[in-house]
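One structure is given here, and the rest of the page talks about it.
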Amino acid sequence: MEIKETDNGWQEGMAKSITFIVTKDCQLACKYCYLVGKNEKERMSWETAKAAIDYILDREHDEMFDTESVIFDFIGGEPFLEIELIDRICDYLKVQMFSRNHHWFNSYRFSFSTNGINYDSEPVQRFIGKNIGHLSIGITIDGTRRKHDLNRVWKHSNGEAERGSYDDVVRNIPLWLNQFPGSSTKVTISSADIPYICESVLHLYSLGIHEVNINCVFENVWNEGDDIAFEQQLMQLADTIIDGDLYRDYACSFFSEHIGKPLDPVNDNQNWCGAGRMLSIDSAGNFYPCTRFAQYSLRSKKAWMIGNIHDGIDKNRLRPFLTLDRLTQSPRECIDCEVASGCAWCQGENYDAADTPTIYQRATAICKMHKARVRANNYYWNKLYRKLELEGNREEYEKNKPARKPETC
Amino acid sequence: MIKYLIIQVDDTSVSYCHYPALTGKPRLISLDDLRAGILWAMKENVTVQFVYPSYRLPDEYHRVIESIDHADIVPAGCEDTGLLDKADVIVLDGMSRIASHTFRSNAAYVLRTSKEDLLTGRDAVAYLLDRVMRLNVVITDVETFTDDDTERYGKLLGSLAEAVAEQYAAGRNVQFNLLTDRLMLDRMNNCNAGWETIALAPDGRFYPCPAFYGDADKGYNIGDLHLGPDIKNPQLYRLDHAPICRRCDAWQCRRCTWLNCRLTLEVNTPGHQQCIMTHVERNASRRLLPLFPGTEIPEIGYLDPFDIAKN
């Protein structure tokens, strides 16, 4: 008796994540996008990319870069708008890692999160063919046409009618799943999306996507009653998944056995977010602890730069990230919360929403949505356990269920 | 809980700590703001310290200042010799000030110096230790301290420990912040700006300390005299919300929040340089343990507690 679990990703927790912000441009203007400073001008040059790579590979044994593995992440805007540059970067990385006998040559990935629009283009397909064994590509599709097109719309000028991007993405899903079987997609939920959650997850399953990772946006966008509507959607989804036996082959990250419990102040005090352990590089060659700390991601705070390709990394500016723990950044209501486990935060949003320029003030806008998720999640597992019990499968499930994996950002 | 109010009476008031004094034209705090600051301190039951510029203040300012019990922090080169004679703390801004100053044995002195001048100024510091009851040495360019300076700093403090020991042998129990403070403390005793101390600046606004007034354009003010102090995220100034410092036993460290902001961008996180220097001081203090029976400073295997905290 097996229940499909969500996949934590390649070398989760073992790999250094290095992000190239290759462009701040995108074909879409998604309404929930946290990138407030997108533009068509800031594109990474080859010289900047090369200097960043040389800086990183020159420091193989520095504690910043001595992880067993590496994930080179390409982000935008829409990264595939810069496929020629990305192809050159990846070629250079491979040649350099090989010729330097760098330990990452045996354990690297190129990772992409794309809107999927030009996934089938010749340059992108050529790149995929060349690197297929070392690629992770996620295509973002939000669910049904009406859910997807609610937020994921094309950039448009004044006077132009708003146009959704569903058709432009969904046509590439079969090709993507054929090239990357077992891939998951990421869905973002904002206030307006709540009525479409259940139908959207089921729709993604019907497209052949067996794993749907969803999260509510961390920003303060929630309205009165959203939590109740959210809970109802999740319970409806729970009923459909359990009654239709979908849990055997399909997973949805909203449902997890490990959320909704109190957290121990000593043993569960680690920071959830990986900011500071990652490195993000923008088109000007500036370094950030995570992309969310680059200026184009921030509404109300200054960028948190930790250096640049010329002067290197100022490790003092990483110290707050590397010593940050859950309790020190959490208000009392979070520390004492009876359902704290699984409640996530984004360090960048914490910083952006804080009353002072600090990463030590946890934003709590997501609180009521997490509590609603916990209620629906409890319902899901109680219902599923009972079903397994009645079918005589509970004991076998308990015996074989996978060990708990630590959740990270 | 706020216990101390530092009133910087003029834009050009002397710096008694790591931050540079403002340069430019004098600008006195208004008499109304001075009175209001004193009134606030009286009602809140906090101790007041005044920080003075080099020039003589108008008499009416002195009359207002004398309306409250207080301490005076005065530059060594102050034109107002009457004020200098009764100052509680006298600030020597650089080694060059030492030769021309007439020392008072009952005053506490602050010596502000660059790292390099200090590392090469052993005899000047020993000269001071022979003449003052308390000496605070403040390095004004902490950010330039490199790991290569660690050994030199350790050697300097080792040599100065001998000078302190000679003073004790002669019956003069001199206090020296870099060496004896750690031995006299049993817990952290930091500056605690923003937690136990705040400053009132010439613009009539409150700041965590005078250093932040110099960075006023960065939005560090924490209220004004009309509404009172309003410190956002006040917990971040407390020791229990400083992940590196709360584990640390370099109890003499100033834990300078202004330096923290400059080096790490967070008020509660010290930079590598500050940690290394204070641990060299902590370790050098161990040489004086025989003078402080019953005191223990355990041997430790790190100079930067960040190495422990990050794990």
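In the text below, chain A, chain B and the rest are named by the order of the sequence lines, each starting its count at 1.
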Chain A heavy atoms under 4.5 Å from B:L236: which part of the residue, side chain, backbone, both or neither?
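Only the side chain of B:L236 comes within 4.5 Å of chain A.
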B:T264 portion near chain A, given a 4.5 angstrom heavy-atom threshold
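Answer is both: backbone and side chain atoms of B:T264 are under 4.5 Å from chain A.
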Any donor and acceptor pair, going by atom type alone, linking the side chain of [X] with main-chain N or O of [Y] inside 3.5 Å?
X      : Y      : answer
B:K115 : B:T146 : no
B:S13  : B:Q8   : no
B:R246 : B:D240 : yes

Taking every heavy-atom pair that is under 4.5 Å apart, which of A:R317, A:K302, A:R319, A:K315 has the most such pairs with chain B?
A:R319
So do the side chains of A:W104 and A:I56 get within less than 4.5 Å of each other, counting heavy atoms only?
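They are in side-chain contact.
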Note, B:T140 side chain near B:P20 side chain (heavy atom, < 4.5 Å):
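No; the side chains remain at least 4.5 Å from each other.
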Checked B:N268, B:I244, B:N260, B:V267 vs chain A; the most non-hydrogen pairs under 4.5 Å come from B:N268
At a heavy-atom separation under 4.5 Å, does A:P357 approach chain B through its side chain, its backbone, both, or neither?
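The answer is the backbone of A:P357.
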A:I359, part contacting chain B, at a heavy-atom distance under 4.5 Å:
both
